[in-house]
Amino acid sequence: MLREELKPNAVVEGPFFPEPVQVLVTVPLGDAIKLVGKGRKSNQVYDPVLTVEQIALLTASPETEPFDGDPARFRLGIEAQRLGLAYEYDPYFSLSIARVDPLPHQLEAVYEYFMRLPRIRFLLADDPGAGKTIMAGLLIKELKIRGLVNRILIVTPANLSFQWQRELQDKFREKFEVMRSDVLRANYGTNPWQERNQIITSISWVSRIEDAKESLLRSHWDLIIVDEAHKMSAYSADKKTLAFHLGESLSGMTDHYLLMTATPHKGDPENFCLFLSLLDRDVYGDVKSLEEAMLRQEAPFYLRRLKEALVAFPDPDSGEVKALFTRRIVQTAPFEISDEEFDLYDRLTHYVETQSIRAASEDTARARAVGFTMAMLQRRFASSIYAVRRTLERMKDKREKILADPEKYRQEQISRRLPDDFEDLPEEEQQEIVAALEDAVASYNPADLREEIAELSALINQAKALERREVEVKIRSLRELLTGRGVFEDPKMKLLLFTEHKDTLDFLAGDGKEGRPLGKLREWGLTLTQIHGSMKVGDRDTPGSGRNRRASRRFLLRYWTGAATCCTAACLWWRTMRMAQWRSANRPCSSTSCRRNVALRRRNWYGVITRWSSVSSLSRHCNRSSRMLRPKGERRSTPSRGIWRSASTN
């Protein structure tokens with residue numbers, strides 16, 4: 001092109017630009033010209049100084065657009081424009097481009113609640129298994145089709161990040177990137193939150209890692225979705241968690257804010273009001289406004305539907321409407337632990353009391369870690385003798401190492417403590433923290449360490465003796481329960497069993513290799529597979545994993561996380577006593593109780609014919625902290641009791 005043709009608003013291309021550039025201004029510099037232009041694709045500013053020879057290599061678009069373009073591409077453009085306006089004529093248009101089979105309650109939530117709000121600030125609190133991920137995906141598609149959102153952030157627990165990424169890609173063709181520490185480090189000097197438009201990240205990670213949080217707070221989003229949003233709850237207005245502070249910050253960074261959880265209410269109205277303040281600080285500013293909403297049965301910001309109320313579409317022939325989920329019936333089969341087991345428990349309690357009292361003499365992170373470890377011992381005894389014995393052995397080995405070099409371990413444990421968001425961390429991190437806390441000792445005095453090691457050795461020997469004689473009542477009760485249900489006789493019956501501790505999982509399903517015992521279920525001739533938190537992300541979907549082997553296995557054992565993903569004909573709970581402690585309506589429910597209900601309800605999915613579950617309980621005081629333990633030397637006259645809580649559907 002000629003020098004005279006280089007005018008403002010002309011669009012030029014050439015070897016000096018990576019994209020078409022619109023000329024903004026030209027400045028003569030002798031025989032050369034300084035061109036200032038803006039990239040048509042990136043909006044980046046270019047300002048090269050071009051000689052006459054370089055200008056000759058440029059090509060400019062004509063001042064009047066010709067009609068010699070590709071007609072096929074023109075038709076595609078017109079069709080894209082038409083589809084962009086399709087929502088004006090079909091309010092359910094996103095269903096035609098999503099790979100989902102929606103249910104009535106899912107359409108109701110998206111189109112009767114979400115889409116009618118000019119500014120979406122909503123709490124979706126449906127029961128587990130209702131398809132909240134599907135509803136979130138439909139909302140994303142509808143808002144994107146309408147051009148209302150472009151930048152979307154999804155905040156989930158760490159163990160669900162890749163599941164969200166997979167579901168949105170497979171069902172809605174929406175590509176999201178998972179933001180983690182490695183991505184943040186790889187983009188040093190830039191803000192990856194601002195450069196990417198669709199991101200999934202972890203609640204615990206972004207709330208605890210200061211660099212991640214600071215860079216996130218410098219970005220803005222059109223839509224933010226928080227899964228398992230109850231993790232952002234605060235204890236009180238004066239005691240706000242890191243996750244709650246994150247939720248408050250996110251609320252001010254977006255126009256559309258969707259919180260999703262199956263357990264929004266802990267039985268405390270003030271706590272619930274504080275949680276709702278994440279959506280709007282004014283609407284539910286106090287308990288009175290919440291009570292008024294309940295009285296009117298009208299809540300503009302939240303929706304909760306129980307599984308029992310969810311139905312399918314009417315039958316096209318008969319018009320009959322059927323419930324989606326079968327009814328769950330809880331049954332109880334009581335059992336008593338033996339005197340020998342109680343003797344071990346009594347001796348373990350004496351050890352726990354001694355160490356707790358010794359640790360309580362100082363208010364330090366190490367003392368609190370000892371208290372946590374002591375409470376954990378009793379929970380593991382309630383799970384299985386094998387679980388508490390393995391924990392005692394690890395504690396004994398670590399104390400022997402400490403005895404060899406007390407000063408080294410004193411320095412290592414000065415700042416060790418239990419994180420405030422321990423319950424919200426991924427399973428792998430929880431296991432690492434618990435393993436580290438087993439190092440905590442009440443005293444570094446060599447004489448005290450030798451005394452503790454001797455006491456641990458005695459407890460280990462007593463537990464081993466009980467295991468050799470196979471006197472554990474719980475395992476015998478389990479076999480009787482399975483026999484009574486006909487599990488051994490019916491080769492088609494399947495069962496899903498949950499356990500809280502990995503050691504108990506090995507006790508029931510171990511393969512006898514690498515130090516693991518041969519599991520009791522394997523000894524009984526049952527075929528099984530297992531899922532646990534130590535599995536790498538995605539392993540559950542690979543050939544040979546729990547989900548893919550369920551067709552040829554009768555048992556699926558699940559290390560407790562509160563939300564398994566496999567449908568089976570039956571499920572059984574092998575739980576510690578803590579699971580059986582129901583809280584009254586006016587007291588907050590424990591996180592474990594909430595997780596139990598979530599998992600039980602999630603099991604009740606399509607096509608489940610019969611299902612039953614069980615929960616074991618030893619005694620109420622077994623779960624109390626060291627401050628609430630009964631006085632030393634006091635022995636109860638009767639053995640502690642346990643129950644199998646069995647739930648079936650019909």
Side-chain angles (χ1 to χ4, degrees), residues 128 132-133 136-137 140 151-169 174-187 191-219 221 223-234 240-251 253-254 257-263 275 278 418-434 532-540 559-563 565 591 594-595 598:
K132 289 188 285 294
T133 308
I140 290 172
R151 291 178 46 75
I152 304 169
L153 174 67
I154 299 177
V155 185
T156 76
N159 59 326
L160 298 180
S161 298
F162 288 94
Q163 179 179 325
W164 267 88
Q165 184 186 42
R166 182 177 61 245
E167 293 288 318
L168 292 173
Q169 175 66 37
E174 292 291 340
K175 186 176 181 180
F176 281 76
E177 295 185 53
V178 177
M179 184 66 67
R180 299 176 298 178
S181 296
D182 55 343
V183 179
L184 205 62
R185 289 193 298 268
N187 289 270
N191 189 347
W193 302 99
Q194 194 63 38
E195 294 178 354
R196 293 162 172 79
N197 287 333
Q198 298 194 158
I199 291 179
I200 298 173
T201 192
S202 159
I203 293 178
S204 58
W205 176 69
V206 79
S207 61
R208 290 186 298 117
I209 305 302
E210 198 62 33
D211 291 344
K213 185 176 180 179
E214 287 182 1
S215 56
L216 171 61
L217 297 183
R218 291 196 299 268
S219 60
W221 302 89
L223 170 65
I224 296 180
I225 298 173
V226 181
D227 190 20
E228 303 292 339
H230 61 272
K231 297 182 182 296
M232 288 185 171
S233 296
K240 297 180 179 180
T241 62
L242 294 175
F244 185 87
H245 285 298
L246 174 65
E248 286 184 312
S249 300
L250 294 178
S251 182
M253 295 165 51
T254 182
Y257 197 29
L258 176 62
L259 305 181
M260 302 195 305
T261 175
T263 54
F275 179 55
L278 294 175
L418 187 69
D420 294 334
D421 58 347
F422 176 78
E423 291 286 350
D424 299 337
L425 297 179
E427 293 172 45
E428 297 92 331
E429 292 187 32
Q430 288 188 0
Q431 293 180 48
E432 292 174 2
I433 291 172
V434 169
H532 52 81
S534 300
M535 298 176 70
K536 294 181 180 179
V537 175
D539 281 359
R540 300 170 191 179
Y559 171 51
W560 171 255
T561 61
T565 56
S591 59
C594 293
R595 289 157 62 201
V598 168

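The analysis underlying the following values was restricted to heavy atoms, covering all of them including side chains, and did not include hydrogens, waters or symmetry mates.
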Checklist entry - For residues Thr133 and Trp164, is any side-chain donor paired with an opposing acceptor at under 3.5 Å? => result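 Short answer, no.
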Checklist entry - Do we see a donor-acceptor contact under 3.5 Å between the side chains of Ser161 and Ser202? => result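 Looking only at side-chain atoms, Ser202 and Ser161 do not form any donor-acceptor pair under 3.5 Å.
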Item to check | Derivation and outcome, side-chain contact (heavy atoms from CB on, under 4.5 Å), residues Ser233 and Phe244 | outcome: CA-CA 6 Å; Ser233 296; Phe244 185 87; 5.9 Å; no
Checklist entry - With Lys240, which residues qualify under salt bridge (charged side-chain N to carboxylate O under 4.0 Å, His left out), at least two apart? => result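 Lys240 satisfies salt bridge (charged side-chain N to carboxylate O under 4.0 Å, His left out) with Glu248 only.
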Next on the checklist: For Arg151, give me all partners under salt bridge (charged side-chain N to carboxylate O under 4.0 Å, His left out), at least two apart in sequence or on another chain.
Outcome noted: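 Expected list: none.
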Nearest 0.5 Å, please: how far is [atom2] in [Y] from [atom1] in [X]?
{"X": "Ser207", "Y": "His245", "atom1": "OG", "atom2": "NE2", "value": "11.0 Å"}
{"X": "Ile209", "Y": "Leu242", "atom1": "CD1", "atom2": "CG", "value": "10.5 Å"}
{"X": "Thr263", "Y": "Lys231", "atom1": "OG1", "atom2": "NZ", "value": "8.0 Å"}
{"X": "Ser219", "Y": "Asn191", "atom1": "OG", "atom2": "CG", "value": "6.0 Å"}
{"X": "Asn187", "Y": "Glu195", "atom1": "CG", "atom2": "CD", "value": "6.0 Å"}
{"X": "Ser215", "Y": "Gln194", "atom1": "OG", "atom2": "CD", "value": "10.5 Å"}

Item to check | Worked verdict on Asp227 versus Leu160 for side-chain contact (heavy atoms from CB on, under 4.5 Å) | outcome: CA-CA 9 Å; Asp227 190 20; Leu160 298 180; 3.6 Å; yes
Next on the checklist: Please determine whether side-chain contact (heavy atoms from CB on, under 4.5 Å) holds for the pair Ile152 and Ile199, giving the CA-CA distance in whole Å, both sets of side-chain angles, and the decisive distance to 0.1 Å.
Outcome noted: CA-CA 7 Å; Ile152 304 169; Ile199 291 179; over 6 Å; no
In the structure I gave you, are the side-chain heavy atoms of [X] and [Y] within less than 4.5 Å of one another anywhere?
{"X": "Gln198", "Y": "Glu177", "value": "no"}
{"X": "Ile224", "Y": "Leu258", "value": "no"}
{"X": "Trp193", "Y": "Trp221", "value": "yes"}
{"X": "Thr261", "Y": "Val226", "value": "no"}
{"X": "Met232", "Y": "Leu250", "value": "yes"}
{"X": "Thr156", "Y": "Glu228", "value": "no"}
{"X": "Met179", "Y": "Leu216", "value": "no"}
{"X": "Val183", "Y": "Arg196", "value": "yes"}

Minimum-distance pair of heavy atoms, taken over all atoms of [X] and [Y]:
{"X": "Ile203", "Y": "Ala243", "answer": "CG2-CB, 4.1 Å"}
{"X": "Leu184", "Y": "Asp211", "answer": "CD2-C, 4.2 Å"}
{"X": "Arg180", "Y": "Trp205", "answer": "C-CZ2, 3.5 Å"}

Next on the checklist: Show, in sequence, the C-alpha distance, side-chain angles and deciding distance for Leu278 and Leu259, and conclude whether the side-chain contact (heavy atoms from CB on, under 4.5 Å) test is met.
Outcome noted: CA-CA 9 Å; Leu278 294 175; Leu259 305 181; 4.2 Å; yes
Checklist entry - For the side-chain contact (heavy atoms from CB on, under 4.5 Å) test, which of Ile200, Asn197, Leu153 pairs with Phe176? => result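 By the side-chain contact (heavy atoms from CB on, under 4.5 Å) criterion, Phe176 pairs with just one of Ile200, Asn197, Leu153: Ile200.
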